Asks: 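One structure coming up, written as structure tokens, with questions to follow.
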Amino acid sequence: MRKLQPKVIRNRLIPLGRNFLAINICGIIFAKGECGPRTLRHEAIHTAQMRELLYLPFYLWYLTEWMVRLLLTMSPMKAYYSISFEREAYANQDKADYLLHRPRFAFLRYLKHSAKS
């Protein structure tokens with residue numbers, strides 16, 4: 001897979017909330033300030049996931065998985081960190097060449113085991 005160079009739009013509003021510095025919407029990163037290489041790799045992993053699932057199914061799956069995990073954990077942040085897409089991105093955001101060797105649908109490996117509390 002080729003290396004993805006995301007477009008970054010810096011602003012003060014998106015993403016909403018204090019806990020998030022960046023959000024990836026259809027391969028475009030909205031950030032509250034500068035994004036370091038680690039954040040860009042994290043978001044590039046999400047872009048690869050989106051492309052595999054043809055964008056709309058990615059968002060439907062993401063929301064559904066978050067809601068299920070919210071019911072299981074009763075914590076919005078634990079549910080977020082337990083989502084398979086996020087678990088893959090966090091686990092590999094420090095690996096500079098991850099996207100060059102990433103297997104297709106790698107996020108599926110993160111469905112079986114829940115994230116550590």
Side-chain angles (χ1 to χ4, degrees):
M1 178 177 280
R2 67 182 173 83
K3 194 172 184 179
L4 303 172
Q5 293 298 325
K7 177 166 178 60
V8 179
I9 297 175
R10 288 170 186 78
N11 69 96
R12 291 185 207 171
L13 183 61
I14 302 171
L16 299 174
R18 290 179 282 175
N19 296 329
F20 302 102
L21 301 175
I23 188 170
N24 188 331
I25 301 175
C26 295
I28 300 171
I29 299 170
F30 292 85
K32 293 179 187 172
E34 291 298 317
C35 289
R38 184 180 201 206
T39 299
L40 291 175
R41 281 192 297 269
H42 180 101
E43 297 304 335
I45 292 167
H46 287 320
T47 299
Q49 296 163 341
M50 289 175 200
R51 288 180 176 181
E52 287 172 343
L53 293 174
L54 305 177
Y55 294 92
L56 182 58
F58 168 85
Y59 291 104
L60 294 174
W61 185 327
Y62 192 104
L63 181 60
T64 301
E65 190 174 343
W66 181 80
M67 289 189 301
V68 168
R69 294 187 186 277
L70 179 62
L71 290 172
L72 294 172
T73 64
M74 301 307 288
S75 166
M77 289 310 292
K78 283 183 182 178
Y80 163 77
Y81 285 112
S82 296
I83 296 170
S84 57
F85 299 118
E86 293 300 340
R87 292 182 60 225
E88 178 193 5
Y90 280 110
N92 297 289
Q93 67 188 5
D94 292 322
K95 300 174 184 171
D97 63 344
Y98 177 69
L99 286 174
L100 298 174
H101 307 289
R102 178 185 178 267
R104 289 190 55 118
F105 301 101
F107 64 89
L108 292 173
R109 298 175 183 178
Y110 295 88
L111 274 174
K112 289 186 180 182
H113 306 289
S114 64
K116 295 177 185 170
S117 300

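Because only heavy atoms are used, hydrogens play no part in the values below, and waters and symmetry mates are left out as well, while side chains stay in. Note that the coordinates shown come from a computational prediction; the quantities given were computed from them, not determined experimentally. Nothing fancy with the numbering, it's 1 onward along the sequence.
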Asks: Measure the shortest side-chain to side-chain distance between I28 and I25 over non-hydrogen atoms and say whether it is less than 4.5 angstrom.
Replies: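 They are not in contact (no side-chain heavy atoms under 4.5 Å apart), so the answer is no.
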Asks: So, do S84 and R109 sit near enough that their side-chain heavy atoms are less than 4.5 Å apart?
Replies: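 They are not in side-chain contact.
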Asks: Is any side-chain heavy atom of Y55 less than 4.5 Å from a side-chain heavy atom of R51?
Replies: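 Side-chain contact under 4.5 Å: yes.
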Asks: Nearest 0.5 Å, what's the CD1-NZ distance between I45 and K95?
Replies: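 One gets 8.5 Å once the value is rounded to the nearest 0.5 Å.
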Asks: Contact between L60 and L53 at the side-chain level, heavy atoms closer than 4.5 Å - yes or no?
Replies: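 The answer is no, as the side chains (C-beta and beyond) never meet within the 4.5 Å cut-off.
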Asks: My understanding is that only residues two or more places apart in sequence, or in another chain, count here; which of them pass salt bridge (charged side-chain N to carboxylate O under 4.0 Å, His left out) with E86?
Replies: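 So E86 forms no salt bridge (charged side-chain N to carboxylate O under 4.0 Å, His left out) with any residue.
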Asks: Once rounded to the nearest 0.5 Å, what's the spacing between atom OG1 of T39 and atom CD of E34?
Replies: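 These two atoms lie 11.0 Å from each other.
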Asks: Are a donor atom and an acceptor atom from the side chains of H46 and E43 found within less than 3.5 Å of each other?
Replies: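 Distance-only check fails for H46 and E43.
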Asks: Let me confirm one number: the CD1-CD1 distance from I9 to I23, rounded to the nearest 0.5 Å.
Replies: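 Rounded to the nearest 0.5 Å, the CD1-CD1 separation comes to 12.5 Å.
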Asks: Say you draw a straight line from CE of M77 to OG of S82; how long is it, rounded to the nearest 0.5 Å?
Replies: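 M77 CE to S82 OG: 10.5 Å, rounded to 0.5 Å.
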Asks: Could you report the tightest heavy-atom contact between A91 and Y110, atom names first, then the distance?
Replies: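 Scanning both residues, the minimum pair turns out to be CB-OH, 3.7 Å.
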Asks: If you define the side chain from C-beta out and look only at heavy atoms, does anything of L111 sit under 4.5 Å from E65?
Replies: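 They are in side-chain contact.
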Asks: Hey, are the side chains of L70 and P76 touching, using non-hydrogen atoms and a 4.5 Å cut-off?
Replies: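 The answer is yes, as the side chains (C-beta and beyond) meet within the 4.5 Å cut-off.
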Asks: Atom OG1 of T47 and atom CG of L99: how far apart are they, to the nearest 0.5 Å?
Replies: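 Result: 8.5 Å between the selected atoms.
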Asks: Any heavy-atom pair between the side chains of R104 and E52 that's under 4.5 Å?
Replies: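 Yes - at least one pair of side-chain heavy atoms lies under 4.5 Å apart.
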Asks: Taking F20 as the starting point, is it possible to reach L16 by hopping between hydrophobic residues whose side chains are less than 4.5 Å apart?
Replies: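 Yes, same cluster.
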Asks: Got a sec, which residues hit salt bridge (charged side-chain N to carboxylate O under 4.0 Å, His left out) with E88, two or more places apart in sequence or on another chain?
Replies: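 For E88, the residues satisfying salt bridge (charged side-chain N to carboxylate O under 4.0 Å, His left out) (neighbours in sequence not counted) are R102.
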Asks: If we ignore hydrogens and angles and just use 3.5 Å, is the side chain of R41 paired with the main-chain N or O of Q93 as donor and acceptor?
Replies: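 Looks like yes, one N/O pair under 3.5 Å.
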Asks: Quick check on the hydrophobic clustering: are F107 and Y80 connected, directly or via other members, by side-chain heavy-atom contacts under 4.5 Å?
Replies: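 Result: yes, single cluster for both.
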Asks: Among residues at least two apart in sequence or on other chains, which ones pass ring pair (Phe, Tyr, Trp, His ring centres under 6.0 Å) with F58?
Replies: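 Here the qualifying residues are Y62, F85.
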Asks: Do you know the tightest heavy-atom contact between T73 and A79?
Replies: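 Taking every non-hydrogen atom into account, OG1-N, 3.7 Å.
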Asks: Would you confirm whether K32, through its side chain, and N11, through its main-chain N or O, come within 3.5 Å as a donor-acceptor pair?
Replies: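 Flag not set: sc K32 to bb N11 has no pair under 3.5 Å.
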Asks: Aromatic rings Y90 and Y81: how do their planes relate, parallel, tilted or perpendicular, breaks at 30° and 60°?
Replies: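 Ring orientation, 0 to 90° scale: tilted.
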Asks: With rounding to the nearest 0.5 Å, note down the distance linking CH2 in W61 to OH in Y59.
Replies: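 Result: 15.5 Å between the selected atoms.
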Asks: Which heavy atom in C35 sits nearest to a heavy atom in A22, and how many Å separate them?
Replies: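 Nearest pair, atom of C35 first, then A22: SG-CB, 4.4 Å.
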